[in-house]
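To keep things clear, I will list the structure first and then write my remarks on it.
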Protein chains: 2
Amino acid sequence: MDTASDQCTTFSVDAYMRDCASRTVLDAIANKWTCLLVDALRAGPVRFGVLRRRLDGITQKSLTQTLRTLERDGMVIRTVYPTIPPRVEYELSELGMSVVSLMKGIKHWAEEHVPEIVAARAAFDRRATEEPVPISTPTPAG
Amino acid sequence: MDTASDQCTTFSVDAYMRDCASRTVLDAIANKWTCLLVDALRAGPVRFGVLRRRLDGITQKSLTQTLRTLERDGMVIRTVYPTIPPRVEYELSELGMSVVSLMKGIKHWAEEHVPEIVAARAAFDRRATEEPVPISTPTPAG
DNA sequence: CAGAATCCTCGACGATACTG
DNA sequence: CAGTATCGTCGAGGATTCTG
């Protein structure tokens, strides 16, 4: 995507996997929980337990993992209050806020075009099911 | 993301997995080859073999699969010319063109912010490595 | 040429149990 | 409360072989 943005020549996979900025972003946000998590953090600092309840169905492991990854990516700030019992708060960094904007763009595109996608899938599956293999349909091609 | 876009209350995972438009889009384009493939199709109709050579490193299986998925999603149009040897051409539909726009937005955000992400990762990893577990470092907090 | 079919690996994610 | 540790599943994607 970066390698051949102007010209469509030959792609180098290795270079792509290393250098393509879009891949980095996609890999960072396309995970199962990342988008929901970022969304759940928009309103401000939240404690771990609250997040877990907010993202109904997430595992502690997945939540910890996703948060850790986002923290490593500089999108989430983790603050530990050394009290008993422990208390940890998570909030979006500036970069994290920017991710919200990015996701807003994706969401906008999605709401505009997902219906077409759904329709296309339905049509495709219908064709695949109904069409009992048109063996001899001599369509006089142009 | 859709379910709780205004209010951050409780998410229903099931509803999210079913209904969230953003998830549909992310799942559709975040695959390993999809972005590169769409990019490789931008210039116009291309034959299978050309695509395979253009996406250096892709397997026939992965290429076929990715193309089939994109076709099912209504983003790619597949045209078969019943000649011998067979000849199949792939091109972007209008929806596919729209995906290019979407990816352009993602790419823009990426080029703007990936450096920060990379830096954050480096800093995080450095901290994790160097810091030899500060067992008894009585830092007079505050 | 443009695939279909098969086998295999590997990482994401869930379930469960334990802890400071 | 906020995790860590361990095990198990499941699907994406690669490698290889075969075909109309």
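What's counted below: heavy atoms across the whole structure, side chains too, no hydrogens, waters or symmetry copies. In what follows, chains are A, B, ... by sequence order, proteins preceding strands, each numbered from 1.
Connection of Leu92(B) to Ile77(B) is not established within any shared hydrophobic cluster, with ILVMFWY side chains joined at heavy-atom distances below 4.5 Å, either directly or through further cluster members. A single hydrophobic cluster is not seen to contain both Val25(B) and Phe124(A); linkage of ILVMFWY side chains at heavy-atom distances under 4.5 Å, directly or through other members, places them apart.
Using a 4.0 Å cut-off, some side-chain N or O of Arg78(A) falls inside it from OP1 or OP2 of dG3(D). Look at Arg52(B) and you won't find any side-chain N or O under 4.0 angstrom from OP1 or OP2 of dA2(C). Residue Thr59(B) places none of its side-chain N or O atoms closer than 4.0 Å to OP1 or OP2 of dG13(D). At dG14(D), one or more side-chain N or O atoms of Ser62(B) fall inside 4.0 Å of OP1 or OP2 (strictly under the cut-off).
A donor-acceptor pair under 3.5 Å links the side-chain atoms of Trp109(A) to the main chain of Ser98(B), judged by distance alone. Checked by atom type and distance alone, the side chain of Arg23(A) pairs as donor or acceptor with a backbone atom of Ala30(B) at under 3.5 Å. Checked by atom type and distance alone, the side chain of Thr59(A) never pairs as donor or acceptor with a backbone atom of Lys61(A) at under 3.5 Å.
The CG-C1' distance, from Leu67(A) to dC1(D), rounds to 14 Å in whole Å. As a whole-Å value, the separation of Arg87(B) CZ from dG3(C) P is 13 Å. Straight-line distance from the CD1 atom of Ile84(A) to the P atom of dT19(C): 18 Å, rounded to whole Å. In this structure, Leu63(B) atom CG and dG14(D) atom P are separated by 11 Å, rounded to whole Å. Between the CD atom of Gln60(A) and the P atom of dA17(C) there is a distance of 12 Å, rounded to whole Å. Between the CZ atom of Phe48(B) and the P atom of dC1(C) there is a distance of 11 Å, rounded to whole Å. Rounded to an integer number of Å, the gap from Glu89(A) CD to dG3(D) C1' is 16 Å. Going from atom CD of Gln65(B) over to atom C1' of dT6(C) covers 13 Å, rounded to whole Å.
As judged by a 4.0 angstrom heavy-atom cut-off over every strand, Tyr81(B) is placed among residues making no nucleic acid contact.
Taking every side-chain heavy atom of Trp33(A) into account, dG14(C) is the closest of dC7(C), dT4(D), dG14(C). The side chain of Arg47(B) lies closest to dA2(C) when the candidates are dG13(D), dA2(C), dG3(D). Comparing dA2(C), dC7(C), dA2(D) by their nearest atom to the side chain of Pro86(B) picks out dA2(C). Distance from the side chain of Tyr90(A) is smallest to dG3(D) among dC1(D), dG3(D), dG13(D). The side chain of Lys61(B) lies closest to dC7(C), out of dC7(C), dG3(C), dA15(C).
Remark: the Lys32(B) side chain and the dG13(D) base include no donor-acceptor N/O pair separated by less than 3.5 Å.
Residue Pro85(B) is the one, among Pro85(A) and Pro85(B), whose nearest nucleotide of DNA chain C lies closer to the 5' end (criterion: closest heavy atom).
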